[in-house]
> 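I have a structure I would like to understand better, so I am pasting it below and will then ask my questions one at a time.
All of these numbers come straight from a predicted model, not from anything done at the bench.
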Amino acid sequence: MPFNRDILKLDADAVIDDLALQLKTTVARDLKRGGAVVGISGGIDSSMVLALCVKAFGKAKVRGVMMPEEDSNPDSEALARELCRAVGADDPLLENMTPALDGFACYRRRDEAIRRVFPEFTEEWKAKIVLPDLLETGTLNIFRLTVIPPVGETMSKRLNLRDYLQIVAASNFKQRSRMCMLYYHAELLNYAVIGTGNRNEHDQGFFVKYGDGGADVKPIAHLYKTQVFQLAAHLGVPESIRTRTPTTDTYSAECSQEEFFYRLPFQLMDLLWYAQENGVPAAEAAAVLELEEQQVLRAYEDFERKFRTTRYLRAVPVEYR
């Protein structure tokens, strides 16, 4: 089929039926577990996976777990509860992760690095890390730290490697702590932890190793983000979640996934990524998507670089024999 804007459209009902059957079989036969535990945040991926699990196992064998911490968007809990009502799941468990993160000194370690860039930064300020738009001519892949004071103008500075690594390493305690909590509830019930990472996150490395990348089954790791949206609509995920801008829900300042990592709108990125993976010439993709050929080539290079440099995240531990 020639490359076109509808190339990623799915037969949603057929795909959902197939995924539900595979999930039920894998958990019962291969993992010898009796149900599913899913971390839910009010985001599209975890919402779609929870709805899929309810279809596969029935609500009595699915446990949703909300795991907010002090930087979490307060809307997330309300959306997660709305989701459970909409798809017929039981009320989710609420686990406050802030005490565990305080124990790891997550916030202190992060803020220490932020203050090396902005010495005036206090706990009342908000912060996030961002990247420039990938399609902008001459754009460099350089992370910037943006801080927002309670009063006054937003400020932004380029991050050096030392401070970037410390902010990210400290923030990654959030995903790793949540993984531990999910496995507690899974082992308590003899259930499996069901991952919520999609293809964009899995193949481009937008996940934390042994954090949100830690799961027993990853049922949507082969689906592009836009395909997750398609299936979510068919599974009854509320519109309030389907129209919400996907965020990292990691930094204290609101930060979209596009700002922090992908650098492209999902509708455009998924088509460009499909084109790159399937050998569509840049000139052909540019014509279909109304872009300049150089912009397409820049996107192709970015996808390849991310896949190559994050290969270690997908690798199993090295064993010597």
Side-chain angles (χ1 to χ4, degrees), residues 1 6-41 43-65 80 83-84 86-90 92 178-179 182-183 185-207 209-238 241-242 246 266 270 273-274 277-278 307 313-316:
M1 177 186 297
D6 294 326
I7 200 76
L8 295 178
K9 286 193 174 178
L10 300 171
D11 180 344
D13 289 330
V15 172
I16 288 168
D17 287 344
D18 181 59
L19 284 175
L21 178 60
Q22 288 191 66
L23 190 54
K24 186 175 182 178
T25 302
T26 299
V27 169
R29 184 188 65 193
D30 299 337
L31 302 180
K32 305 295 191 294
R33 295 294 183 265
V37 168
V38 184
I40 52 176
S41 63
I44 189 67
D45 299 310
S46 63
S47 297
M48 181 260 165
V49 170
L50 182 80
L52 177 66
C53 286
V54 171
K55 181 176 179 62
F57 303 106
K59 73 170 189 175
K61 294 184 178 180
V62 177
R63 172 58 71 192
V65 185
L83 165 71
C84 290
V87 302
D90 287 338
R178 287 170 176 148
M179 182 273 292
L182 289 177
Y183 271 96
H185 286 290
E187 291 172 358
L188 183 67
L189 297 167
N190 195 39
Y191 284 5
V193 173
I194 310 302
T196 61
N198 58 53
R199 184 173 189 157
N200 305 57
E201 295 166 342
H202 185 268
D203 285 9
Q204 292 192 44
F206 186 43
F207 65 90
K209 193 167 189 175
Y210 304 121
D212 52 337
D216 296 312
V217 188
K218 298 181 178 182
I220 64 170
H222 64 298
L223 295 175
Y224 294 94
K225 185 82 167 188
T226 48
Q227 292 176 324
V228 173
F229 276 99
Q230 292 177 49
L231 300 186
H234 280 257
L235 283 163
V237 172
I241 293 173
R242 292 187 283 112
F266 288 113
D270 286 357
W273 190 11
Y274 174 92
E277 289 186 311
N278 289 274
F307 181 79
L313 293 176
R314 296 177 292 274
V316 298

> Just by modelled atom types, is the Asn198 backbone N or O under 3.5 Å from a matching donor or acceptor in the Gln227 side chain?
no

> Are any side-chain N or O atoms of Ser46 and backbone N or O atoms of Ser41, one a donor and one an acceptor, separated by less than 3.5 Å?
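Yes: the side chain of Ser46 pairs with the backbone of Ser41.
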
> Between Arg199 and Glu277 (salt bridge meaning N to carboxylate O under 4.0 Å), is one present in this structure?
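Between Glu277 and Arg199 there is a salt bridge, with a charged N closer than 4.0 Å to a carboxylate O.
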
> Can you see which heavy atom on Gly236 is nearest to which on Ala86, and at what distance?
O-CB, 3.9 Å

> Is there a donor-acceptor pair closer than 3.5 Å between any side-chain N or O of Asp270 and the backbone N or O of Lys225?
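Yes: the side chain of Asp270 pairs with the backbone of Lys225.
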
> What is the minimum heavy-atom distance between Ala51 and Val87, and which atoms define it?
CB-CG1, 3.7 Å

> Nearest 0.5 angstrom please: Ile241 CD1 to Phe229 CZ, how far?
10.5 Å

> Using a 6.0 Å cut-off, check whether atom NZ of Lys209 has over 12 heavy atoms from anything other than its own residue.
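Yes - once you tally the heavy atoms of other residues, nucleotides and ligands closer than 6.0 Å, there are more than 12.
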
> If you look at every heavy atom in Val38 and Cys53, which pair is closest and at what distance?
CG2-SG, 3.9 Å

> Identify all side-chain donor-acceptor contacts of residues 14-23 below 3.5 Å with residues at least two apart in sequence or on another chain.
residue : atom : partner : partner atom : Å
Asp18   : OD2  : Gln22   : NE2          : 2.8

> Short question: side chain of Arg242, backbone of Val237 - any donor-acceptor pair under 3.5 Å?
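It does hold such a pair.
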
> Nearest 0.5 Å please: distance from the OH atom of Tyr191 over to the NE2 atom of His185.
12.5 Å

> Got Ser47 and Ile40 here, is their nearest side-chain heavy-atom distance under 4.5 Å?
no

> Which heavy atom in Asp13 sits nearest to a heavy atom in His234, and how many Å separate them?
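Minimum heavy-atom separation between Asp13 and His234: OD1-ND1, 3.4 Å.
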
> Is any side-chain heavy atom of Pro219 closer than 4.5 Å to a side-chain heavy atom of Thr26?
no

> Roughly how far, to the nearest 0.5 Å, is NZ of Lys59 from CG of Leu50?
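Reported to 0.5 Å precision, the distance equals 12.5 Å.
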
> Of all heavy-atom pairs between Ile220 and Gly197, which one has the smallest distance, and what is that distance?
CG1-O, 3.2 Å

> Would Arg314 count as a cation-pi partner of Phe207, with NZ or CZ less than 6.0 Å from the six-membered ring centre and within 45° of the ring normal?
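That pair does not qualify as a cation-pi contact.
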
> Hey, what do you get for CG (Asp203) to CH2 (Trp273), rounding to the nearest 0.5 Å?
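The CH2 atom of Trp273 is 4.5 Å from CG of Asp203, to the nearest 0.5 Å.
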
> CD1 of Ile44 to CG of Leu231: how many Å apart, nearest 0.5 Å?
9.5 Å

> Can you check whether Gly213's main-chain N or O pairs, donor with acceptor, with Lys218's side chain at less than 3.5 Å?
yes

> Going through the distances and angles, do Val27 and Ile194 end up as a side-chain contact (heavy atoms from CB on, under 4.5 Å)?
CA-CA 9 Å; Val27 169; Ile194 310 302; 4.2 Å; yes

> Given the rule in the side-chain contact (heavy atoms from CB on, under 4.5 Å) test, do Arg178 and Asp212 qualify, once you have shown the distances and angles that lead to the verdict?
CA-CA 8 Å; Arg178 287 170 176 148; Asp212 52 337; over 6 Å; no

> Looking only at side-chain N and O atoms, does Tyr183 offer a donor or acceptor that is under 3.5 Å from a partner on Asp216?
yes

> Looking only at heavy atoms, which two atoms of Gly205 and Leu313 are closest? And how far apart?
O-CD1, 3.5 Å

> Can you tell me how far the CG atom of Leu52 sits from the OG1 atom of Thr196, to the nearest 0.5 Å?
12.0 Å

